[in-house]
Amino acid sequence: MRSLAVSTSHFGKEVIKCKAAVAWEPNKPLVMEQIEVAPPKAHEVRIKILATGICRSDDHVVSGSLQSPIPCILGHEAAGVVESVGEGVTCVKPGDKVIPLFVPQCGECNNCLNPKANLCSQNDLGAASGLMPDGTSRFTYKGKPLHHFASTSTFTEYTVVHDNAVAKIDAAAPPEKVCLIGCGFSTGYGAAVKTAQVERGSTCAVFGLGGVGLAVVMGCKAAGASRIIGIDINKDKFAKAKELGVTDCINPKDFDKPIQDVITEMTKGGVDYSFEVIGRTETMTAALASCQMNYGTSVIVGVAPSASQITFHPMLLFTGRTWKGSVFGGWKSKQDVPKLVSDFMAKKFTLDPLITHTLPFDKINEGFDMLRSGKSIRTVLIF
Ligand code: COD
Ligand code: ZN
């Protein structure tokens, strides 16, 4: 045993030089650079990324609407293989296939201990530090530190995460698909099946039919919703939405009255469950107003620009509606991600409809352009 410990001990002790897409400035393309990735410290894991999706939240940092310190390495929806581990790591070992977790699960904070909660206190969302939990960075460019992003940073050949922000998954899982379980799929699907707990026969309205919105649709469908109304200002999103189970597609631009009035009329009083999957305050209140008084529930999935505030008539809540938020679909990340991967392997759901493009990592900016122009649902970058 001792000789094994010695023979593996130099793994992960060296700095790795590798390619990464660096966000140097807001509103500028990412730049492929050679960076240095430091070895993992105690309770940290260095991961070789195999595939990563491009999510709107990454773009929100580039555009400045989501605050996270730059220069940084974005990306938070990936699958990879453990390259090395720091002292004290027992949950994974070199060679394990893993998904990095943008919502960690430390297992010890009040939130982790509460079965109703999934937003671990160790998360680096909101007032983001862009650093490892010890307040330092593992990334440098020509010796100068670069920030991490959302505890993950996956637009790089190698990343380092804390061991509470990584889940071991089935070794046979295809990384170019299950990377979506790291964000888009789980965020949307869980909002329907876990946060809202959509029931059989219920009516739903999904505002925003991007990758996450379509995953909400998949969740509503899986839960047995009988009517799913999809709302989007881009009618090109409607065909795929219908394939996945949307029964009525509506474009707010086609009506001269507020979309909540249209939905209330269509459903004789509103839907049972509505979801905002765009990240705009106006559509958040429209989604709330679209659900039934007395018992309707509206779930906010989209993140609004950091500086925004919301105003709404309190009567909307007084009359019995429930307004909720859902981060990462309400899943407890470290324990639920491996189960979601197993469910995917058991064909309980498919990820193919969400993946419209696959590109080599080098073409990351093309992937961002397609997201911005509305051409893609998800682009997966392969390393
Ligand atoms: N009315 C109707 N539809 C609209 C409107 C509008 N006013 N504006 C835009 N849309 C449509 C767009 O045409 C598009 O189809 C859709 O809304 C948005 O889809 P995408 O493809 O831009 O974005 P997604 O699906 O990848 O992500 C959407 C989120 C809102 C989930 C995302 O932006 C977000 O806020 N994510 C945060 C969730 C999270 O937990 N992130 C953590 C990582 S840091
Ligand atoms: Zn995301």
Side-chain angles (χ1 to χ4, degrees), residues 52-63 65-68 72 74-78 100-103 118-119 123-126 128 130 148-154 179-191 195 205-217 229-238 240-241 249-255 258-260 262-263 274-287 290 299-306 308 325-331 333 354-357 367-368 370-379:
T52 181
I54 303 177
C55 175
R56 183 63 78 169
S57 307
D58 301 308
D59 186 42
H60 283 339
V61 179
V62 176
S63 71
S65 65
L66 191 66
Q67 271 166 21
S68 198
C72 75
L74 294 168
H76 60 281
E77 181 180 87
L101 306 169
F102 74 84
V103 175
N118 79 316
L119 188 51
N123 81 77
D124 196 36
L125 307 166
H148 292 245
F149 170 61
S151 313
T152 46
S153 288
T154 61
C179 59
L180 264 59
I181 291 174
C183 178
F185 172 78
S186 309
T187 298
Y189 194 80
T195 307
V206 182
F207 286 70
L209 300 171
V212 183
L214 291 176
V216 173
V217 170
I229 301 170
I231 303 101
D232 204 297
I233 49 171
N234 179 354
K235 64 174 173 19
D236 296 343
K237 305 276 174 171
F238 292 165
K240 181 151 276 173
C249 284
I250 54 176
N251 184 343
K253 290 180 178 165
D254 293 342
F255 300 90
I259 201 68
Q260 55 269 38
V262 176
I263 295 170
S274 65
F275 301 86
E276 201 280 350
V277 208
I278 303 165
R280 297 173 57 92
T281 53
E282 312 87 84
T283 38
M284 289 173 186
T285 39
S290 300
V299 181
I300 293 178
V301 183
V303 175
S306 301
S308 57
S326 178
V327 180
F328 195 54
W331 304 108
S333 59
L354 302 179
I355 305 168
T356 51
H357 299 79
F368 271 92
M370 286 192 289
L371 177 71
R372 289 176 194 131
S373 67
K375 279 199 196 108
S376 60
I377 299 293
R378 268 296 192 272
T379 295

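Atoms within each ligand, like the ligands themselves, are counted from 1 in listed order.
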- Quick one: sort the H76 and F102 rings into parallel, tilted or perpendicular, breaks at 30° and 60°.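 Perpendicular: the ring planes of H76 and F102 meet at over 60°.
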So which heavy atom in the protein is nearest [atom], and how far is it from that ligand atom?
| atom | result |
| --- | --- |
| atom 43 (C) of ligand 1 | H76 NE2, 3.5 Å |
| atom 22 (O) of ligand 1 | R56 NE, 2.6 Å |
| atom 35 (O) of ligand 1 | V303 N, 2.8 Å |
| atom 21 (O) of ligand 1 | G210 CA, 3.4 Å |
| atom 26 (O) of ligand 1 | R378 NH1, 3.0 Å |
| atom 28 (C) of ligand 1 | V277 O, 3.7 Å |
| atom 2 (C) of ligand 1 | I278 CD1, 3.5 Å |
| atom 13 (O) of ligand 1 | D232 OD1, 2.7 Å |

Heavy-atom donor-acceptor pair, [X] side chain to [Y] backbone, under 3.5 Å:
| X | Y | answer |
| --- | --- | --- |
| S57 | C55 | no |
| E282 | A286 | no |
| T283 | G279 | no |
| S333 | V103 | yes |
| S153 | L74 | no |
| N118 | V327 | yes |
| R56 | L371 | yes |
| S151 | N123 | no |

Provide the closest heavy-atom pair for [X] versus [Y] in the form atom of the first, atom of the second, distance.
| X | Y | value |
| --- | --- | --- |
| R378 | G184 | NH2-CA, 3.4 Å |
| C179 | G53 | SG-N, 4.2 Å |
| L209 | K237 | O-CD, 3.6 Å |
| P100 | A78 | CD-O, 3.2 Å |
| S326 | T195 | OG-OG1, 2.8 Å |

Identify, by atom number and element, the atoms of ligand 1 in contact range of [X], meaning under 4.0 Å from any of its heavy atoms.
| X | result |
| --- | --- |
| R280 | 7 (N), 8 (N) |
| G302 | 30 (C), 35 (O) |
| V301 | 38 (C) |
| K237 | 15 (O) |
| G208 | 16 (C), 17 (O) |
| N234 | 13 (O) |
| S57 | 34 (C), 36 (N), 37 (C), 41 (N), 43 (C), 44 (S) |
| H60 | 33 (O) |

- Using distance alone, decide if ligand 1 has a nitrogen or oxygen within less than 3.5 Å of any nitrogen or oxygen in G211.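 Right, the criterion is met.
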- Between F328 and ligand 1, is there a nitrogen or oxygen pair with a distance under 3.5 Å?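 Between F328 and ligand 1 (N or O atoms, distance only) the closest approach is not under 3.5 Å.
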- Does some non-hydrogen atom of F102 fall short of 4.0 Å from ligand 1?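 Per 4.0 Å heavy-atom rule, F102 contacts ligand 1.
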- F207: which of I300, I231, D232, I229 passes side-chain contact (heavy atoms from CB on, under 4.5 Å): I231
- Check: T356 and S376 side chains under 4.5 Å, non-hydrogen atoms: yes
- Item | Atoms (protein N, O or S; no water) under 2.8 Å from the Zn ion (ligand 2) | 3
- Task: Going by heavy-atom distance to atom 31 (C) of ligand 1, choose the closest among I250, V206, I233, V212.
- Result: V212
